[in-house]
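Shown next, in structure tokens, is the structure this report addresses.
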Amino acid sequence: MRQIIIALSLASASMLSVAGGMPFGGEDSVEDAKDLWKVLVTEGLVGENAVHSKPYKGMPPHGMVLDTIQKTVSVNGHTGRVIIKRNYGGEGVDVAKVAKDPKPWLKAVTVMFKREYGYDPENQNWFWAKFKPNGSLHSNPKKMLLAGRVAKGMPKGCIACHKAAPGGDYLFNE
Ligand code: HEC
């Protein structure tokens, strides 16, 4: 009996997590991404006056040069850890050039934000977003905006790849 109850509550938790509509790219996710971006600007983590950490040599899909920063932030009353990875690229990019002047090389800002329990319990409750340097969102080839539970249930994308990270929390750099 107990097993049945657990199974039922797990099933309803996973239904809840998509009850708001699409797992990613929908209106709710885009609003969440906007709110998150605003907080990151205020915290000086993205945008014109953002702090930078030391760039290092990266690899696809993120970029040939990367830098990663993290902090704990509050968005709409929820406090969680945020990890921001800046993805640099372009003809002739290298670590020294990015260290000297990062802006012209910045292609994307990929973010993971730890949401409240229940947001996506099967995937460690991460919110994922791929921003352009100006804070608008990148989209996938199907024109779906990359914000939310990206790309839950699909064979490729943030969740599918990060699932393989060691340690079980979907983080490669720990
Ligand atoms: C094909 C695999 C793959 C996909 C797809 C992918 N990532 Fe990553 N991601 C990585 C790897 C590998 C690292 C570690 C790279 C490094 O810093 O050297 C990483 C690092 C990160 C980090 C820094 C935290 C960490 O895990 O170390 C963030 C944040 C991140 N990715 C966000 C995203 C987002 C958002 C998406 C989807 C838009 C995404 N990633 C898609 C492989 C992937």
Side-chain angles (χ1 to χ4, degrees), residues 17 20-56 58-89 98 102-103 105-141 143-154 156-165 167-174:
S17 67
M22 295 150 69
F24 72 100
E27 231 170 89
D28 298 2
S29 301
V30 172
E31 281 307 310
D32 288 349
K34 280 188 191 152
D35 293 344
L36 176 60
W37 183 264
K38 265 188 229 151
V39 170
L40 298 181
V41 171
T42 309
E43 295 276 348
L45 300 171
V46 299
E48 284 294 306
N49 302 312
V51 292
H52 286 84
S53 67
K54 203 169 170 334
Y56 57 95
M59 56 180 146
H62 282 293
M64 296 318 289
V65 179
L66 301 169
D67 88 41
T68 306
I69 46 177
Q70 54 176 311
K71 201 169 178 177
T72 299
V73 297
S74 294
V75 184
N76 294 330
H78 168 73
T79 302
R81 179 177 179 197
V82 69
I83 305 160
I84 299 154
K85 176 174 288 294
R86 294 199 195 82
N87 304 237
Y88 301 98
V98 172
K103 273 199 192 108
W105 307 102
L106 183 60
K107 299 290 177 217
V109 181
T110 39
V111 178
M112 293 168 71
F113 177 50
K114 191 75 149 184
R115 292 283 303 254
E116 66 280 6
Y117 183 82
Y119 177 72
D120 189 4
E122 304 89 351
N123 297 299
Q124 300 284 354
N125 300 300
W126 289 109
F127 175 89
W128 309 79
K130 183 173 184 178
F131 294 101
K132 296 180 182 171
N134 68 4
S136 62
L137 289 164
H138 277 272
S139 47
N140 68 10
K143 302 262 188 302
M144 297 171 80
L145 291 169
L146 295 176
R149 304 164 191 88
V150 188
K152 193 176 165 91
M154 297 185 180
K156 280 191 195 163
C158 317
I159 291 175
C161 189
H162 275 253
K163 219 178 205 150
D169 202 22
Y170 291 39
L171 294 172
F172 284 98
N173 285 309
E174 300 237 312

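Numbers here are sequence positions counted from 1. Everything quoted here is computed from the prediction, not taken from an experiment.
Of the possible polar contacts, none joining the S53 side chain to the D67 backbone as a donor-acceptor pair under 3.5 Å is found. Checking side-chain atoms of N87 against main-chain N and O of K107 turns up no donor-acceptor pair under 3.5 Å. At least one donor-acceptor pair closer than 3.5 Å links the side chain of H78 to the backbone N or O of K114. Side chain of D169 to backbone of L171: no donor-acceptor contact under 3.5 angstrom is found.
Here the closest heavy-atom approach between residue P55 and residue V98 is recorded as CB-CG1, 3.9 Å. Summarising the geometry of S29 relative to A147, their closest heavy-atom pair is CB-O, 3.2 Å, with the distance given to 0.1 Å. The two residues F127 and D32 come nearest to each other via the heavy atoms CE1-CB, 3.6 Å. Between N125 and G118, the closest heavy-atom pair is OD1-N, 3.1 Å. Here the closest heavy-atom approach between residue H52 and residue P102 is recorded as NE2-CG, 3.7 Å. Across every non-hydrogen atom of Y170 and E122, the tightest pair is OH-O, 3.3 Å.
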| request: Give the C-alpha distance, both sets of side-chain angles, the deciding distance and a yes or no for side-chain hydrogen bond (donor to acceptor under 3.5 Å, both in side chains) between T68 and K85. | output: CA-CA 4 Å; T68 306; K85 176 174 288 294; 2.9 Å; yes
| task | Determine, stepwise, if the pair I84 / V111 fulfils side-chain contact (heavy atoms from CB on, under 4.5 Å). | result | CA-CA 5 Å; I84 299 154; V111 178; 4.2 Å; yes
| said: Would K103 and E48 count as a side-chain contact (heavy atoms from CB on, under 4.5 Å) here? Give the steps. | reply: CA-CA 9 Å; K103 273 199 192 108; E48 284 294 306; 4.0 Å; yes
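When the options R149, R115, K152 are evaluated for a side chain to side chain donor-acceptor pair (under 3.5 Å) with D120, the one that passes is K152. Of the candidates V82, L45, V75, V75 is the only one forming a side-chain contact (heavy atoms from CB on, under 4.5 Å) with V39. A side-chain contact (heavy atoms from CB on, under 4.5 Å) with K38 holds for exactly one of L40, V41, D35; it is D35.
The CG atom of L106 lies 7.0 Å from the CZ atom of R86; values are rounded to the nearest 0.5 Å. Atom NZ of K71 and atom CZ of R81 lie 14.5 Å apart (nearest 0.5 Å). A distance of 11.0 Å separates CD1 of I159 from CD of Q124, quoted to the nearest 0.5 Å. Going from atom CZ of F24 over to atom CG of L146 covers 6.5 Å, rounded to the nearest 0.5 Å.
E27 CD: 12 or fewer foreign heavy atoms inside a 6.0 Å radius. The number of heavy atoms from other shown groups lying within 6.0 Å of CG (N134) is above 12.
The aromatic ring centres of F131 and W37 sit less than 6.0 Å apart. The aromatic ring centres of H162 and W126 sit 6.0 Å or more apart.
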